[in-house]
Every structure is written in C-alpha cells, then in structure tokens.
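Reviewing the structure listed below.
Heavy-atom basis, side chains included; hydrogens, waters and symmetry copies ignored. Naming: A, B, ... by sequence-line order, numbering from 1 per chain.
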Amino acid sequence: MKRREFIEKTAAGTALLSLGLSLSSFETNDIKHLTVLHTNDVHSHIDPFPADDPRNPNKGGVSRRAALIETIRKENPNVLLLDAGDIFQGTPYFNYYGGELEFKLMSMMKYDASTIGNHDFDNGLDGLYAQMPHASFDFICSNYDFKNTIMNGLVKPYKIFNKNGIKVGVFGLGIELDGLVDKKMYKETVYNNPVEIAQDMTQLLKKEEKCDLVICLSHLGYKYKDDATRICDLKLAELTQDIDLIIGGHTHTFLDKPTIVKNKAGEDVLVNQVGCYGINLGRIDFYFNRNKSHTNQGKSIIV
Amino acid sequence: MVKLKKYNGFLKLFVIFLTLFFVFSCSQKNYNLTKIEGKQLPVTEKDNQTREIENFIKPYRDHINEDLDNILAYCPETLDKSTGKWQTSIGNLMADICLQKGNHIFKAREKKEIDLCLLNHGGIRAILPKGNVTTRTAFEIMPFENNLVVLALKGDQILEMTSYIIKEKKPHPLSGMTFTISKDNTAKNIQIQGKPLDTSRTYYIATNDYLANGGDSMNFFLKSIQKYDLNYKLRNVLIDYFKEVDTIPVPKDIRITEE
C-alpha cells in the first residue's frame, strides 16, 4: 500500500508540475530575439587610431567597443559575440605581450567564441598555446586538425550555444596554411577541405542536432578577384546548405551591408565581414517564432 | 499480476500524459526563423569608454610607451626613402645594418661571410627622422615580423638580380654590391665586395624571408641553392644596431650609377 501511495503521489505531483511548466511556457512571448555581434581581423588594435591617422582617424578601440557591446546587451541580453580570427599581430601590444592582453580583453567583453586566423600562428603554435589560459571564450575551428600538435584538445570543431532556448550551432573554417604561414609556425596542423568539412558540420548541426541557427566563423576570405578558383566565403555559401550566416575575415573586406547569397538548396545565406582593426562591429538580429502557423512562412531579410 | 491490474488505469493516464508532455516540449524546441536584420556599427569617438577596460589596458600601454620611447641613438638628419632614384640613404643604411649584423650570426654559425644584402624599397614603412631615435622608430620603419635570412645564389642569379633592379626602377636597399646601368639598360661593372662578379661562384645574400619566398616577384631568390634562417627579426636588427651606435651614419655613397 505504501508503495502504491508513493507512486500515485509522485505521479500526480509530476503531472501537476509538468502541466504547470507547459502552461507557463505557453504564456511566454512567441518571438525570440537573438543578437549576433561580430568582429574580425582586429590585429591587436587595442587603442583607437590617433586623431591624425590618415586612414582611420579616431576609429576603433577596445574600450569603446566594450561600451557599445554593453549598450546592446542592455537592450537585448540574448547576445552571441563572435570573432572570425586574426586577433594577433599589428601593434606593439602583440610584440610585447604575445596576445595576452587581446585575449584578456575579449574575455572581459564576454566573447563567446573565435575561430583561428593565419596571423594567430605568428608566434607559432607554442605562442598561441601560451596565451590560451587568458581566454575564457572558446576557439572553434573545424578544418584544422591539431591532433599532433600542442594545441590538441584546445580547439573545438563546433559548439552548440543555447541562447534563451534558441539552439545555435557554430563551426569554424580556417584558411589554407601552406604558402601563407611558415611551416615552422603551424608545424603538424593539418588543413582539411573547408567545403567537405562544412558539409559534415551542417549535417551534424542542422540535421542531427536540429539547431535553430547555424553560423560559420570563417577565415577563408570574402572573395578573390584574381583567383576565381580559390575557396572563399561567397563560394562556400553557394556550395553548401543549412548555413544561415557566414561571418568572415582575412581579406579585411569592408561591406556596406551583409551579402545575401543563394545556397545549393536555393535558400538565402548571409555573408558578412566588418573590415578590420575593430573599426566596426557587425550586428545581425535574428527573430524566431514558434507559432506553428508560421512554419511554412518564409523569412524576411532586412539589410 | 493481480496487483498490476489495479494500476493499469493510472498507468495508462500516466503514459498518455508523458506522451503529451514530450510532444509539447519537443514542439517548443523548434523555432522558425522569421526575420533577420543586419547592420554595421562603426566604433567611433562618439562611443563612451569603459572605465574598467581603460584601467585594465593602462599599465600595459604605459609599459610599452615607456619602452618604445626609450632613446637609443641620435640621427643627424632625416632619412627618407622617397629621395633618390637608384638608392636612398635610409635604404643604404638598412642594407648596411642587415649585412653587418647578419654577418655576426652567419660567421658564427656557418663560418661563412655574407657577400651582399638586398631588401625591398616597399619594406621601409616610415622615415628615420632627425633627432632622437627610439625603439618606436624601429617599430615604425619595420612593423612586420620578417626574419633575416641568407641565401646561397649562383653568379647567374646575381645577373637576374641586377636586371630586376633595372626593370623595377626602384631604389631597393642594397649593400655589398655596386654596378653601372649602361645606356642599353643592362648592368655592367658589377662589383661584389669590391671584386668583379664571378658567375661561376656561389654568393651569400642577406634578405628578408618575405623576399626569399619570392615576394615582390624577386624570383631569382627562389633559385637559391641553400637557405639559412638567422631567426633574427629585421626590427630587432635595427633596435640592436641603434643601441650600439650614438649617432646614426648617413650613407650617401652611390651604389648604382647610370651611364
């Protein structure tokens, strides 16, 4: 009898609790809002450009970027903050501290993840490894295999972020190192074909893990005018499917607005890059609806 | 079995409830993307600074500034890479310094001597201004992380090198070699370390790793027989030299002449 009573009570309790939870979740807003903020090729530009700089006077600066990010977080706490690589190299901050300050400041700004750029190898794998304790964010790169290097286990092939109930799958793609980075710097790091890896990643993130959003952090470069066969973000977008956003870097491309590319399945992919040196912060807002009547409704893209 | 029957009704309800619960929970997990808005936010002086971040950066910045502003030498006049058709005083100086400093290492490691040094005009990124020379000056002139390398080249490649210089019409930094551009735009009277070019000989040439890998289309460097990386950054070559001298010499000697 005791056992029966226990089961009944527990079941009834669970039932009530579950009902309550279900009801309460129905009451919440039907629209979820995720803000993706991103930088690329900051190249150790911690201080703003001086007022007399011929190209970028008074632009950039980590302290101002941090304030801008903080303002946006107050407006919508549901933020994913990402970097597309080349954090290192460009000012004496890197020469003197080897990237320590860059990583510490990105941690303070609560970056969620970064991919790895070619210049992040500038102090060799050992130099990158030495700075890893200063980063509280994740390094994500899917097509570099660090298995036989000191970086083994420190770089994730992908990560799924749960942002207020929205499942965001992020994977990363690095540029071919041979000919660009001295072999003595990248050592036994293996570069794998980015298109093939992207296909594996989207299969995993969209089909198996059922992410609501898939983001590719790429350091492949936006486009190569003089080498049409070379893989770049625009080509990657065309050759794959199930990627919603490609955040790019490497080519220091300043775009007026994100580029919309049709993917293999004829769907729209957003490709963005915000120049370099922390002069700009990219902002992409995603609105999700879980009302079933919207299932077959297309998405609107305002850029 | 008898006992189980008693629970059947309840179990059924429970299973139905669980099923419904999971259906609801699953449907909640799938969101439809309905709208995307993208824009670029410029980071400008209109944005406030973050006190916490500013305070954090300050000691790093102060340390770097103190070090960069450390006076290493004195420069008696401004050396500018834009004054000179076939050579400039700053180019001459940089090539002389690389040859001299590189030789210390090359001699010690390989028991050989560097014959000449060729760098690229584009690699000089700032002027060497009159007055105090600091570490910052070295960073401005040479912001890149390029290493000094020594390449073993056959005499034939020296001829390719002179043709390249004549064709490019740029005052590429050169040390250890002199030649004359004849009226038909070919090199003659090529002297290396004061001796006429011997095409059958192997010469050791100091340059930076960027050029050694064929940068700026200096393809003759790709034909090198051997490459020695001195693991010595060009900027550090400059800094070490500035520390050694009190007053910077201004080498105005003519290395490439036109007939």
(request) Please state whether the side chain, the backbone, both or neither of A/Leu34 comes within less than 4.5 Å of a heavy atom of chain B. (result) neither

(request) Measure distances from A/Phe286 to the heavy atoms of chain B and classify the residue's part below 4.5 Å as side chain, backbone, both or neither. (result) both

(request) Verify, without hydrogens or angle tests, whether A/Ser63 (side chain) and B/Thr50 (backbone) share a donor-acceptor contact under 3.5 angstrom. (result) yes

(request) Step through the shown structure and confirm whether more than 12 heavy atoms of other residues, nucleotides or ligands are within 6.0 Å of CD on A/Glu75. (result) yes

(request) Give a yes or no on this: more than 12 heavy atoms of other residues, nucleotides or ligands lie within 6.0 Å of atom NZ of B/Lys130. (result) no

(request) Could you have a look at A/Ala51, A/Gly60, A/Pro258 and say which one has the most heavy-atom pairs with chain B under 4.5 angstrom? (result) A/Gly60

(request) Could you have a look at A/Asn272, A/Ile46, A/Asn95 and say which one has the most heavy-atom pairs with chain B under 4.5 angstrom? (result) A/Asn95

(request) Tell me, for B/Asp229 versus chain A, whether the close heavy atoms (under 4.5 Å) come from the side chain, the backbone, both or neither. (result) side chain

(message) If I measure from the heavy atoms of chain A, does B/Asn65 come under 4.5 Å with its side chain, its backbone, both, or neither?
(response) neither

Exercise answer: donor-acceptor pairs, residues 35-45 of chain B side-chain atoms, under 3.5 Å, sequence neighbours excluded:
| from | atom 1 | to | atom 2 | distance (Å) |
| --- | --- | --- | --- | --- |
| B/Glu37 | OE1 | A/Tyr287 | OH | 3.4 |
| B/Thr44 | OG1 | B/Lys46 | N | 3.3 |

(request) Mind ranking B/Asn213, B/Asp209, B/Ile64, B/Leu68 by heavy-atom pairs under 4.5 Å with chain A and telling me who comes out on top? (result) B/Ile64

(message) Under a plain distance cut-off of 3.5 Å, with no hydrogens placed, do A/Tyr96 and B/Asp67 share a side-chain donor-acceptor pair?
(response) yes

(message) How long is the straight-line distance from CG of B/Asn231 back to NZ of A/Lys184, given to the nearest 0.5 Å?
(response) 5.5 Å

(request) Measure the spacing between CG of B/Asn32 and CG of A/Asn289 and express it to the nearest 0.5 Å. (result) 7.0 Å

(request) Identify the heavy atoms of B/Tyr31 and A/Gly165 that sit nearest to each other, and give their distance. (result) CE1-O, 3.3 Å

(message) So that I know where these two stand, are B/Tyr60 and A/Tyr93 an aromatic pair - ring centroids less than 6.0 Å apart?
(response) no

(message) B/Arg235: which residues meet the side-chain hydrogen bond (donor to acceptor under 3.5 Å, both in side chains) condition with it, sequence neighbours left out?
(response) B/Glu145

